[in-house]
**Student:** 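There's a structure below that I have some questions on.
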Number of protein chains: 2
Amino acid sequence: MATITKENYLKALYFLHQKSDAISLTDLGKTMEVSKPTVNDMVKKLHDRGWIKYEKYKPLKLTDKGRKAAMQIVRKHRLSEMFLVQVMGFGWEEVHDIAEELEHIKADKLFDRMDELMGFPSVDPHGSPIPDKNGNYNKPNYKLLSQVPENSKVVVRALRDSSTEFLLYLNKKGLQLGTEIVTHQIEPFDKSITVSYASYSETTLSSSVSNRLLVEVV
Amino acid sequence: MATITKENYLKALYFLHQKSDAISLTDLGKTMEVSKPTVNDMVKKLHDRGWIKYEKYKPLKLTDKGRKAAMQIVRKHRLSEMFLVQVMGFGWEEVHDIAEELEHIKADKLFDRMDELMGFPSVDPHGSPIPDKNGNYNKPNYKLLSQVPENSKVVVRALRDSSTEFLLYLNKKGLQLGTEIVTHQIEPFDKSITVSYASYSETTLSSSVSNRLLVEVV
DNA sequence: TTTATTTGTTAGGCTAGTCTAACTTTTTAA
DNA sequence: TTAAAAAGTTAGACTAGCCTAACAAATAAA
Ligand SMILES: [Mn+2]
Ligand SMILES: [Mn+2]
Ligand SMILES: [Mn+2]
Ligand SMILES: [Mn+2]
């Protein structure tokens, strides 16, 4: 397929597409932490290979082919994370960095075997969907905990941020995927929310936290 | 540590050292499948980093530091192979190529966890020793099946060749690590050997095969 | 609707890793 | 012990991926 560098550009483009349909060179440069001339050069190469649509001074778009290529890397990343947690016993806060390396392994049979061994999981340890071999996945429409009304019962289904810092915070608070939460009051001043769940009969989560938790209303 | 390319040069140097104490630039070039100027350049870089002893027109030698670095890669390779077989259910003929990729993963905790999960195995699926974190391992002195006298009882302990072709041959013949073999006659003409073991009460192995099987006399 | 700011491009240069062609040393065989 | 062969080196060039400095185009502000 591509070099590790090009795979990382594709992945970055895929994630930038979640925010907007058209991507600026500058944004891609910021994400990849490289200069504008560097990204400009690279963009021409990605275009030559048919992964992106590119015209001088126009915004970038992944082609279908590019999106599919990106999804394969995301698939490998998420399968790896799930495998590291489920089979190898790592904590959900430890796996991202290892998966950043594993996602570039070419041997497809490694990932197919992981998949099979785990019984074809549909989400990774952080609740993000695992694309299938054709790059398809179903995007369930969860709500942010911050958008749920008072006195609702919800279940934590996914995270909008999988940084180690946030995951360690969740560990400390005893919050996991599947945790059932009941919302009480929302403080109008700072939008903090009082909730109860298994570990806590009454505790407050800041809006910064409730904005990162994706929940299903039950 | 090093780039993937440099890691592969170090590994090649380590394996060439098993044959001779001093390595020629030409041999290293052949192993790495690169031209002499390429290897000449690289050798200077490896020397600058203290991994090899190098003087113009003199043969190459790994330094202690270089040998240790090489052993870490071998360790990662063999742990990976063993993990792929024992935990993931791959056949011993499938794992080498995957391990060639996995050995370059930087995340040490991945390999430490594999090691732990398997109970600190001392050999890989082909009977090659797995170095510990300091690069040490014990080199048992097995005999080649071709060197064992007639009417001996031996156990297959390791392979001198782990190529897919040879492994597939062994699969077909029902030969594995641990197989107990009794030797009968050695044909003087071509040094082929008649043996019996679990799958066969009487079968002949060519010298090409008996030269690749490392056995322990019991 | 000019001017200022942001965004994108070009030119030129650097390292890592590779090559071929040509040359020099060392080794081997006459 | 000299000539041929092999091994090693140098010079110059190429791609991938990165950079800074300088400039051009597009967009936003005045
Ligand atoms: Mn991740
Ligand atoms: Mn994840
Ligand atoms: Mn191997
Ligand atoms: Mn092996």
Side-chain angles (χ1 to χ4, degrees), chain A residues 1-14 16-17 19-62 66 69-70 73 100-101 103-106, chain B residues 1-14 16-17 19-62 66 69-70 73 100-101 103-106:
Chain A
M1 226 211 68
T3 60
I4 292 180
T5 304
K6 289 201 181 71
E7 288 190 349
N8 283 332
Y9 275 94
L10 287 175
K11 206 171 40 135
L13 284 161
Y14 168 74
L16 288 168
H17 259 305
K19 310 235 157 183
S20 85
D21 197 50
I23 297 159
S24 76
L25 229 144
T26 307
D27 283 353
L28 183 54
K30 275 178 188 152
T31 308
M32 294 301 296
E33 299 184 286
V34 294
S35 69
K36 284 186 289 179
T38 296
V39 83
N40 187 267
D41 268 11
M42 182 56 75
V43 140
K44 289 170 187 169
K45 292 177 192 165
L46 297 176
H47 175 255
D48 289 348
R49 303 217 183 190
W51 287 317
I52 64 172
K53 209 167 79 177
Y54 165 69
E55 282 173 277
K56 263 193 177 187
Y57 296 106
K58 299 253 174 72
L60 313 169
K61 266 175 210 182
L62 272 178
I73 306 162
E100 282 294 311
E101 296 195 70
E103 72 190 4
H104 302 293
I105 299 275
K106 303 294 178 217
Chain B
M1 226 213 67
T3 59
I4 291 179
T5 303
K6 290 202 181 68
E7 289 190 347
N8 283 332
Y9 275 94
L10 287 175
K11 207 173 37 135
L13 283 161
Y14 168 74
L16 288 169
H17 259 305
K19 310 234 159 188
S20 84
D21 197 49
I23 297 160
S24 76
L25 227 144
T26 306
D27 283 353
L28 183 55
K30 275 177 189 151
T31 307
M32 293 301 296
E33 300 183 286
V34 295
S35 68
K36 284 186 290 180
T38 297
V39 82
N40 188 267
D41 268 10
M42 183 55 77
V43 140
K44 289 170 187 168
K45 292 176 192 164
L46 297 176
H47 176 254
D48 289 347
R49 304 217 183 188
W51 286 318
I52 63 172
K53 209 169 79 180
Y54 166 69
E55 283 172 277
K56 261 194 180 184
Y57 296 106
K58 297 254 174 74
L60 312 170
K61 266 174 210 185
L62 271 178
I73 306 162
E100 282 295 311
E101 296 195 69
E103 72 190 6
H104 302 293
I105 299 275
K106 303 292 179 223

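Lettering of chains follows the sequences in order, A, B, ..., and the numbering in each one begins at 1. Just so we're clear, the structure is a prediction, and the values are computed from it rather than from any experiment.
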**Student:** Let's see if you can work this out: which of dG17(D), dA21(C), dA16(C) has an atom nearest to the side-chain heavy atoms of Lys45(B)?
**Tutor:** dA16(C)

**Student:** Which nucleotide in the list dT9(C), dG17(D), dT25(C) gets nearest to the side chain of Tyr57(A)?
**Tutor:** dT9(C)

**Student:** Do you know the tightest heavy-atom contact between Tyr54(B) and His47(B)?
**Tutor:** N-CD2, 3.5 Å

**Student:** Do Lys45(B) and Tyr9(B) have side chains that approach each other closer than 4.5 Å (heavy atoms only, starting at C-beta)?
**Tutor:**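 No, every pair of side-chain atoms sits at 4.5 Å or beyond.
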
**Student:** Give me each pair satisfying salt bridge (charged side-chain N to carboxylate O under 4.0 Å, His left out) with a member in residues 21-35 of chain B, each pair once, sequence neighbours excluded.
**Tutor:** Asp21(B)-Lys61(B)

**Student:** Quick one: Asp41(A) CG to dA11(C) P, roughly how many Å, whole number?
**Tutor:**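 Atom CG in Asp41(A) sits about 12 Å away from atom P in dA11(C).
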
**Student:** Using whole Å, what does the distance between atom P of nucleotide dC23(C) and atom CG of Asn40(B) come to?
**Tutor:**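 Value for this atom pair: 18 Å.
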
**Student:** Check whether any side-chain heavy atom of Thr31(A) sits under 4.5 Å from a side-chain heavy atom of Lys11(A), and report yes or no.
**Tutor:**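 Counting from C-beta outward, Thr31(A) and Lys11(A) never come under 4.5 Å.
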
**Student:** Would you indicate, yes or no, if dT9(C) has its OP1 or OP2 atom less than 4.0 angstrom from a side-chain nitrogen or oxygen of Tyr54(A)?
**Tutor:**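 Answer is yes, contact under 4.0 Å.
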
**Student:** Search all heavy atoms of Leu13(A) against all heavy atoms of Leu46(A) and return the closest pair with its distance.
**Tutor:**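 Heavy-atom minimum between the residues: CD1-CD1, 4.0 Å.
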
**Student:** When you measure from every atom of DNA chain D, which of residues 25-33 of chain B have a heavy atom less than 4.0 Å away?
**Tutor:**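 The stretch gives Leu25(B), Thr26(B) as the residues lying under 4.0 Å from the strand, ordered by number.
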
**Student:** Given dT18(C), dA16(C), dG17(D), which nucleotide is nearest the side-chain atoms of Val34(B)?
**Tutor:** dT18(C)

**Student:** Measure the distance from CD1 on Ile4(B) to C1' on dT15(C) and round it to the nearest whole Å.
**Tutor:** 17 Å

**Student:** Less than 4.0 angstrom from a charged side-chain N to a carboxylate O is my criterion; do Lys106(A) and Glu100(B) meet it?
**Tutor:** no

**Student:** Are Leu62(A) and Tyr14(A) side-chain neighbours, meaning at least one heavy-atom pair lies under 4.5 Å?
**Tutor:** yes

**Student:** Report yes if at least one side-chain N or O of Lys58(B) is closer than 4.0 Å to OP1 or OP2 of dT25(C); otherwise report no.
**Tutor:**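 No.
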
**Student:** Can you see which heavy atom on Leu10(A) is nearest to which on Ala70(A), and at what distance?
**Tutor:**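 Looking at all heavy atoms of both residues, the shortest contact is O-CB, 3.7 Å.
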
**Student:** Measure CZ/Arg49(B) against P/dT15(C) and give the value in whole Å, please.
**Tutor:** 13 Å

**Student:** Take the protein atom NZ of Lys6(A) and the nucleotide atom P of dG17(D), then report the distance between them rounded to whole Å.
**Tutor:**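 To the nearest whole Å, that distance equals 3 Å.
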
**Student:** Can you check the Met42(B) CE to dT18(C) C1' distance for me, whole Å?
**Tutor:** 9 Å

**Student:** Is the phosphate of dC19(D) approached by Ser35(A) (side-chain N or O, under 4.0 Å from OP1 or OP2)?
**Tutor:**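 Affirmative; the distance criterion is met.
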
**Student:** Would you name the heavy atoms of Thr26(A) and Lys36(A) that are closest together and state the gap between them?
**Tutor:** OG1-CD, 4.0 Å

**Student:** Side-chain N or O of Thr38(A) less than 4.0 angstrom from OP1 or OP2 on dC19(D)?
**Tutor:** yes

**Student:** Has Tyr9(A) got a side-chain N or O lying under 4.0 Å from the OP1 or OP2 atom of dA16(D)?
**Tutor:** no

**Student:** Phosphate oxygens OP1/OP2 of dG17(C): is one of them under 4.0 Å from a side-chain N or O of Lys44(B)?
**Tutor:** no

**Student:** Determine: side-chain N/O of Lys36(A) to OP1/OP2 of dC23(D), distance under 4.0 Å, yes or no.
**Tutor:**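 For Lys36(A), the contact criterion (side-chain N or O under 4.0 Å from OP1 or OP2 of dC23(D)) is not met.
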
**Student:** Looking at five pairs on each end of the helix from dT1(C)-dA30(D) to dA30(C)-dT1(D), what is the angle between the two axes, given to 10 degrees?
**Tutor:**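 The angle separating the two end axes equals 0°.
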
**Student:** Taking all heavy atoms of Gly29(B) and all of Val39(B), pick out the closest pair and write down the distance.
**Tutor:**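 Result for this residue pair: N-CG2, 4.0 Å.
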
**Student:** To the nearest Å, give me how far apart CG (Leu60(B)) and P (dA7(D)) are.
**Tutor:**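 My rounded result for the distance is 13 Å.
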
**Student:** Check whether any side-chain nitrogen or oxygen of Thr5(A) sits under 4.0 Å from OP1 or OP2 of dA16(D), and answer yes or no.
**Tutor:** no

